[in-house]
Asker: 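One structure is given below, represented as structure tokens, and several questions about it will come after.
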Amino acid sequence: MAQQKIIISRNLKADLKEELNGKTANGFFILVDSNTRKLCLPLLDEEILSKAKIIEIKANDDHKTLEALANVWTFLSQNGASRKSFMLNLGGGMVTDLGGFAASTFKRGIEYINIPTTLLGTVDAAVGGKTGINFNGLKNEIGVINPAESVIINTEFLKTLDKENFLSGFAEMIKHGLISTKEVWKHILEFDLDNINYEALTSLIDESVKVKEEIVKIDPTEKGIRKALNFGHTVGHAFESFAMSTGKPVLHGYAVAWGMIAELYLSFKKTGLDKETLQSGVRFIKENYGALGITCKNYDQLYEYMTHDKKNESDGRILFTLLGGIGDIKINTNVEKQDIFDALDFYRDTVGL
Ligand code: GLY
């Protein structure tokens with residue numbers, strides 16, 4: 001599978017110009033959503049904008065639909081796109097997922113690049129080649145793995161993010177710290193979330209994206225080690241679905257952060273994670289992410305959500321990605337119901353519920 005180029009950009013206009021060199025002559029399209037059209041498109045160079053046709057879709061994950069995808073295909077088709085046309089996806093995970101899928105399928109695939117504009121998109125969705133849409137109420141049900149030519153990362157876009165969306169993206173960076181090395185983990189714990197230094201953030205993002213890149217390089221199609229990227233997500237997705245069912249949805253990264261509390265505990269209990277990492281991780285998440293309120297009456301519902309996790313095999317067992325230490329990844333670890341309930345008890349004790 002082709003590898004994508006990751007450009008940690010400190011000069012967006014120059015880097016983009018270089019990246020687009022010779023690629024805009026046969027139809028050049030920029031996909032935005034209603035937010036990124038307003039806030040992010042103006043940061044691109046006038047000359048580049050003058051060559052592009054802009055496609056706008058509605059913002060938010062609930063618009064990552066077949067209908068929105070069809071609108072993008074229609075726009076491309078009616079505006080003369082050919083197999084040599086080029087697409088730039090400018091937005092968060094919703095835009096890069098849907099745009100990547102639209103580009104990967106239009107006329108059996110045109111080239112595209114991603115410019116992520118949220119922290120979650122920057123460190124996760126825009127990198128690694130997963131594209132797709134939600135379908136029949138299921139997230140990312142339809143899609144392909146087809147990496148962008150390049151991903152241009154520039155923290156200018158992140159300056160308009162609110163604190164909650166920033167923290168949501170940062171949760172994936174916490175995960176990348178835990179699944180990589182003690183050094184990356186130390187940098188995560190030292191980062192000042194109350195007073196963001198964007199130069200320090202650029203370096204931290206560089207480090208974090210490299211963690212994902214290295215893993216995806218070895219296992220692009222998630223047959224094995226790519227499951228490391230699911231740390232925190234088995235319980236995290238259950239929390240996310242639970243919150244949705246109560247009519248009070250939470251941001252993905254928050255659910256993953258709370259999920260990591262439970263999965264750090266399971267790692268401590270079942271796969272030998274040291275107490276110091278458990279405590280430092282749990283403390284950092286507790287201090288920055290607050291809590292999702294659950295009681296023991298919700299455990300069965302949460303467990304039910306976990307049984308539907310994509311990582312499970314068809315034999316009904318729930319398979320977790322756990323840690324034996326920082327960077328010591330234990331994929332496909334079966335965890336029994338009672339241990340999961342204990343981990344939920346630990347989560348509640350930790351966050352003070
Ligand atoms: N979001 C996890 C992955 O890209 O595999």
Side-chain angles (χ1 to χ4, degrees), residues 1-6 61 64 89 91-101 103-104 112-114 116-134 138-148 150-151 153 165 167-180 184 188 205 207-241 250-260 263 306 308-312 319-323 327 329-333:
M1 188 168 296
Q3 245 201 276
Q4 62 192 178
K5 183 159 66 162
I6 308 285
D61 201 70
K64 206 168 86 177
N89 300 315
M94 186 265 179
V95 169
T96 56
D97 277 6
L98 188 144
F101 189 44
S104 303
Y112 75 98
I113 65 173
N114 287 336
T117 59
T118 62
L119 187 57
L120 190 61
T122 300
V123 296
D124 195 14
V127 177
K130 285 187 180 174
T131 72
I133 54 165
N134 304 330
L138 298 167
K139 279 174 78 97
N140 302 321
E141 182 72 350
I142 309 289
V144 293
I145 296 183
N146 177 43
S150 57
V151 182
I153 291 173
N165 275 289
L167 279 171
S168 180
F170 201 82
E172 298 288 352
M173 296 173 75
I174 296 173
K175 177 196 79 183
H176 288 161
L178 287 166
I179 63 172
S180 58
V184 180
I188 291 291
I205 287 173
E207 211 168 46
S208 191
V209 166
K210 281 198 175 89
V211 173
K212 178 160 182 179
E213 254 187 299
E214 285 305 311
I215 289 172
V216 172
K217 206 189 304 175
I218 302 167
D219 177 27
T221 55
E222 202 168 314
K223 299 281 185 292
I225 196 63
R226 187 165 181 163
K227 292 181 190 172
L229 298 170
N230 295 322
F231 179 68
H233 283 63
T234 306
V235 178
H237 282 149
F239 281 162
E240 206 174 355
S241 302
V250 294
L251 292 173
H252 174 71
Y254 275 70
V256 170
W258 300 321
M260 281 192 280
E263 296 188 23
M306 289 178 221
H308 293 294
D309 192 87
K310 283 197 187 86
K311 292 183 303 306
N312 299 335
L319 299 180
F320 282 74
T321 295
L322 297 180
L323 301 172
I329 295 145
K330 310 283 188 197
I331 62 168
N332 299 333
T333 306

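Counting starts at 1 for both ligands and their atoms, following the listed order.
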Asker: Is any NZ, NE, NH1 or NH2 atom of the basic residue among K175 and E172 found under 4.0 Å from an Asp or Glu carboxylate oxygen of the other?
Answerer: yes
Asker: Is H233 close enough to touch ligand 1? Criterion: a residue heavy atom under 4.0 Å from a ligand atom.
Answerer: no
Asker: List every atom of ligand 1 that sits less than 4.0 Å from any heavy atom of E222, numbering the atoms from 1 in the order shown and giving each element.
Answerer: 5 (O)
Asker: Sequence neighbours excluded, which residues qualify as side-chain contact (heavy atoms from CB on, under 4.5 Å) partners of S104?
Answerer: Y112, T131, V144, N146
Asker: Ligand 1 versus D124, non-hydrogen atoms closer than 4.0 Å: side chain, backbone, both, neither?
Answerer: side chain
Asker: Mind checking whether K212 has a heavy atom under 4.0 Å from ligand 1?
Answerer: yes
Asker: Would you sort out whether I142 and F101 count as a side-chain contact (heavy atoms from CB on, under 4.5 Å), showing the intermediate values?
Answerer: CA-CA 9 Å; I142 309 289; F101 189 44; 3.9 Å; yes
Asker: Main chain of G253, side chain of S168: is a donor-acceptor contact present, judged purely on distance under 3.5 Å?
Answerer: yes
Asker: For the pair W258 and F239, name the ring-plane relationship: parallel under 30°, tilted 30 to 60°, perpendicular over 60°.
Answerer: perpendicular
Asker: Under 3.5 Å between some N or O of ligand 1 and some N or O of N230?
Answerer: no
